[in-house]
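All residue numbers in this chain count up from 1 along the given sequence. Everything numeric in this text was worked out from a predicted model, so none of it was measured.
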Amino acid sequence: MDADELEEVRDVFDLFDFWDGRDGMIDAVKVGDLLRCIGLNPTIAQSIKVGATKKMGEKQYKFEEFLAIYKEISETLEQGTFADYNEAFKTFDREGQGLIPSAEMRHVLTSLGERLTDNEVDSIIQWTETHEDIDGNVKFADFIKKVMAGPFPDKK
């Protein structure tokens, strides 16, 4: 881990600590959110496996303890590739034209894998500026690229 990465992790940790009352610790229930703010994307199950909790107040971490969690997740987290996600969406592309009905995309995102809420899907669709064509379809390759770029593509 280089100095810039360490500083970024520290800054995000300090921000979460500020929200928690400035005691030098963060609640374990926020581990997954903190990791996501740093740019990792663990599932809820992965977060719990490395020490996150489901309820507030069960456990807290000092920076050094969280840093060990960050290192473990950053070294073991398997990120899907564009090709992986594209293949998954192709199973819903009945005509092989790179399109998926937006209602079906919403259904997949809210009912398969680590399910998103309707509000989370609405936020993602708005953030990615995903628009339906006249037939109610979405170009899934464009959607995948925007999601994989992250919320701040200009800062990478």
Centroid-centroid under 6.0 Å between Phe66 and Tyr61 rings: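 No, ring centres 6.0 Å or more apart.
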
Check ion pair [X]-[Y] (N to O, under 4.0 angstrom):
X	Y	result
Arg10	Glu7	no
Arg94	Glu104	yes
Lys59	Asp27	no
Asp33	Arg36	yes

Backbone N or O of [Y] within a donor-acceptor pair of the [X] side chain at under 3.5 Å?
X	Y	value
Asp135	Asn137	no
Glu87	Asp84	no
Arg106	Ser102	no
Glu75	Glu72	no

Approximate separation, where rounding is to 0.5 Å, of Lys30 NZ and Phe13 CZ: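 Taking NZ in Lys30 and CZ in Phe13, the distance rounds to 11.5 Å.
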
From CD (Glu132) to NZ (Lys139), nearest 0.5 Å: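 Between atom CD of Glu132 and atom NZ of Lys139 there are 14.0 Å.
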
Any side-chain heavy-atom pair of [X] and [Y] under 4.5 Å:
X	Y	answer
Asp23	Gln60	yes
Leu34	Ile26	yes
Leu15	Asp11	no
Thr128	Ile124	yes
Phe140	Tyr85	no
Phe16	Cys37	yes
Val50	Thr76	no

Modelled atom types, side-chain donor and acceptor of Tyr70 and Glu5, under 3.5 Å: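 Per modelled atom types, Tyr70 and Glu5 side chains form a pair under 3.5 Å.
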
Nearest atoms (heavy-atom pairs only) where Gly98 meets Asp93: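 Heavy-atom minimum between the residues: N-OD2, 2.7 Å.
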
Closest approach of Gly32 to Pro42 (non-hydrogen atoms, all atoms of both residues):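 Nearest pair, atom of Gly32 first, then Pro42: O-CG, 4.4 Å.
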
If hydrophobic clusters are built from ILVMFWY residues whose side chains come within less than 4.5 Å, do [X] and [Y] share one?
X	Y	answer
Ile100	Val147	yes
Val29	Ile44	no
Met148	Ile125	yes
Leu116	Ile144	yes

